[in-house]
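In this chain, residues are counted from 1 in sequence order.
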Amino acid sequence: MDELLRNPVFVSHALAAAASVSLGTTLTYPFDTIKTLIQVGATSSKQLTTTQVLCRVQSLSSYSGLYRGFSWLTLGRVTSIGARFGIYEILTSYYKDGRIDNNVYVTEALLAGMAAGIVESFLNSPFEMIKLRKQVTAAIPISSSSSNSATKHMVTPLISRLLPGFVPDKVALDRTVSLLSVLSSKNHNMANALRNYPWTITGSGKPPSATDIKRPIDIIKLEGLRAMWRGLRGGIARDSLFGGIFFGSWQFLHMAMLDWKAVGMDPPPEANDEIGPLSPFAVSLAAGFSGSLAGAASHGFDTSRTRSQCIVLPRYLAMERTFLKWKRPGNWFERLTGIHPADRKVLLRGVSLRIARCGLASFILVGSYFLSVEHLLSKL
């Protein structure tokens, strides 16, 4: 590892990759914020438009709200996209080992991209969770102080710190008291005794708002560390499909451009290495088209994952589901990929924005990477 860090070529490629990912994320982040808000606010009978979302964000947090959570996503993408391309290069090097033409087939690129997407999803999931919670605050007003005053009357300050952002529900407490009143108890003031247990006050159907639980420490305290990987099934389905289609179609276009360039060469080249390098602009355009295609194909899983991450699920509710042996709703495919049956009619909301974002981000990523590497290596 020390030898790699001392290698100027390796350091140049690493810096160029980090800079290109940061630039692509910066220029396309408003598309991601608008897409996320459309996905979260969509219902089967209501479809939000880009204009409505922009007006909402501008009225509540100004246009700077479009960059809420930008630093978290940038940090996550620098790590996860580096892992995606790194694993892809390792797997394709294994495929090419021993071949004369040093070529990778489309099916091999697709499988390597799917494997790389699985690792990318696991690494990027915590950063996406925090990013999404902060994006939602740009279009949803913060809870009023009246709810905080009601909280102080219902629970002690110690309990409110242990359960941040909870929503009191007196009806749930009354129902719990009425159910337990038939049992013999030495405690005559059962209502006050139950207030020492916050889950009896919140009720199972009224969790806190996502705008109240947006910091990493709040998410871990209330929902547990596993919540940082909520929606991992949908994330794996999304990123593996995206990686497979992206690298598979990019390799197909790369081979087509090589064949087109080889037309008319005399003598005909026997291997791809004899054709020569392709234009960086053409390779960037092919990457942009592949990114748009992969974004369109995986958008349904992206919507499902986004909506699941926006739901606050306290740890005690997760424990109730475990004790009751709660089963995931939906058919086998929906259970496998993490799609909720209630989201079937909203899976394609915001698809045009994701196509534009993925295509533009891929074009900027590859193009700026080539320019940065060329600039840095020229100074060595």
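- If you take OH on Y369 and CD on E374, they are separated by 12.5 Å, rounding to the nearest 0.5 Å.
- Y67 places a side-chain N or O within 3.5 Å of a backbone atom of T26 that can act as its donor or acceptor partner.
- The OG1 atom of T92 sits 8.5 Å away from the CZ atom of F247 when rounded to the nearest 0.5 Å.
- Under the 4.5 Å side-chain contact rule for hydrophobic residues, L75 and L73 do not share a cluster.
- Within the 4.5 Å cutoff, the side chain of V106 has heavy atoms near those of the M255 side chain.
- A distance of 10.0 Å separates CG in L132 from OG1 in T137, rounded to the nearest 0.5 Å.
- Looking at every heavy atom in both residues, P269 comes nearest to I275 through CG-CG1, 3.7 Å.
- Note on I245: it does not cluster hydrophobically with L285, by side-chain heavy-atom contacts below 4.5 Å among ILVMFWY residues.
- Side-chain atoms of C310 and V136, non-hydrogen and from C-beta on, do get closer than 4.5 Å to each other.
- Rounded to the nearest 0.5 angstrom, I236 CD1 and L336 CG are separated by 10.0 Å.
- Smallest separation of non-hydrogen atoms from G65 and A138: O-CB, 3.4 Å.
- Residues L293 and Y88 fall into different hydrophobic clusters, defined by Ile, Leu, Val, Met, Phe, Trp and Tyr side chains chained together at heavy-atom separations under 4.5 Å.
- Within a 6.0 Å sphere centred on CZ of F122, other residues, nucleotides and ligands contribute 12 heavy atoms or fewer.
- A distance-only check finds a donor-acceptor pair linking the side chain of S61 to the backbone of V57 [under 3.5 Å].
- With a 4.5 Å cut-off on side-chain heavy atoms, I38 and I34 count as touching.
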Q) salt bridge (charged side-chain N to carboxylate O under 4.0 Å, His left out) between D218 and K221: does it pass, once the steps are laid out? A) CA-CA 5 Å; D218 294 336; K221 277 186 177 181; 5.8 Å; no

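- Few gaps surround OH on Y95; more than 12 heavy atoms of other groups in view lie less than 6.0 Å from it.
- Side-chain contact between V21 and L365 is present, with at least one heavy-atom pair separated by less than 4.5 Å.
- In this structure, R99 places its CZ atom where more than 12 heavy-atom neighbours from other residues, nucleotides or ligands lie under 6.0 Å away.
- Panel note: side chain S121, backbone G235; a donor-acceptor pair is recorded below 3.5 Å.
- Side-chain atoms of S292 come within 3.5 Å of backbone atoms of G288 as a donor-acceptor pair (strictly under, hydrogens ignored).
- Side chain of R349 to main chain of T43: a donor-acceptor pair is present (N/O by atom type, distance under 3.5 Å, no hydrogens or angles).
- Looking at heavy atoms from C-beta onward, V283 lies in side-chain contact with V366 at the 4.5 angstrom threshold.
- Among D302, T36, D343, the single residue meeting the side chain to side chain donor-acceptor pair (under 3.5 Å) criterion with R307 is D343.
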Q | Stepwise side chain to side chain contact (heavy atoms under 4.5 Å, CB included) check, E120 with I81 | A | CA-CA 7 Å; E120 177 190 4; I81 292 183; 4.2 Å; yes

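- Between S22 and V78, the shortest heavy-atom distance links the atoms OG-CG2, 4.1 Å.
- The neighbour count for F31 CZ, taken as heavy atoms of other residues, nucleotides or ligands under 6.0 Å away, does not exceed 12.
- Judged by distance alone, with hydrogens and angles left aside, the side-chain atoms of K261 form a donor-acceptor pair with the main-chain N or O of P277 at under 3.5 Å.
- Aromatic ring pairs are classed by plane angle as parallel below 30°, tilted from 30° to 60° and perpendicular above 60°; the pair W250 and F85 is perpendicular.
- When each of R230, R305, R133, R77 is checked for a side chain to side chain donor-acceptor pair (under 3.5 Å) with E128, only R305 meets the rule.
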Q | CA sep, side-chain torsions, deciding dist, call: F242, C358, side chain to side chain contact (heavy atoms under 4.5 Å, CB included) | A | CA-CA 10 Å; F242 182 93; C358 292; 3.9 Å; yes

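- Using a 4.5 Å cut-off on side-chain heavy atoms (C-beta onward), P216 and W72 make contact.
- In this structure, E108 does not pair ionically with K96, as no charged nitrogen and carboxylate oxygen lie closer than 4.0 Å.
- Screening R68, K131, R357, Q135 for a side chain to side chain donor-acceptor pair (under 3.5 Å) involving Y29 leaves a single residue, Q135.
- The two residues A287 and S362 come nearest to each other via the heavy atoms O-CB, 3.4 Å.
- With hydrogens and angles left out, the side-chain atoms of R354 and T303 include no donor and acceptor closer than 3.5 Å.
- Remark: W326 CH2 is packed, more than 12 non-hydrogen atoms of other residues, nucleotides or ligands lying under 6.0 Å away.
- Under a hydrophobic-cluster definition in which Ile, Leu, Val, Met, Phe, Trp and Tyr are linked whenever side-chain heavy atoms come within less than 4.5 Å, directly or via other members, L347 and F333 are assigned to the same cluster.
- With Q251 contributing its side chain and G248 its backbone, the two residues share no donor-acceptor pair below 3.5 Å.
- Taken from NZ in K327 to CZ in R335, the straight-line distance is 8.5 Å, to the nearest 0.5 Å.
- Residues S62 and S64 have side chains that bring a donor and an acceptor to within less than 3.5 angstrom of each other.
- A donor-acceptor contact shorter than 3.5 Å links the side chain of E223 to the backbone of L313.
- Of all heavy-atom pairs spanning A294 and S298, the tightest one is O-OG, 2.8 Å.
- Note: M319 CE to L324 CG = 11.5 Å, rounded to the nearest 0.5 Å.
- No side-chain heavy atom of D212 sits under 4.5 Å from any side-chain heavy atom of V312.
- Of all non-hydrogen atoms in A227 and I219, the two that sit nearest each other are CB-CG2, 4.1 Å.
- Taking hydrophobic clusters as Ile, Leu, Val, Met, Phe, Trp and Tyr residues chained together by side-chain heavy-atom distances below 4.5 Å, L278 shares a cluster with F246.
- Put simply, the side chain of R238 does not reach to within 4.5 Å of the side chain of S304, judged on heavy atoms.
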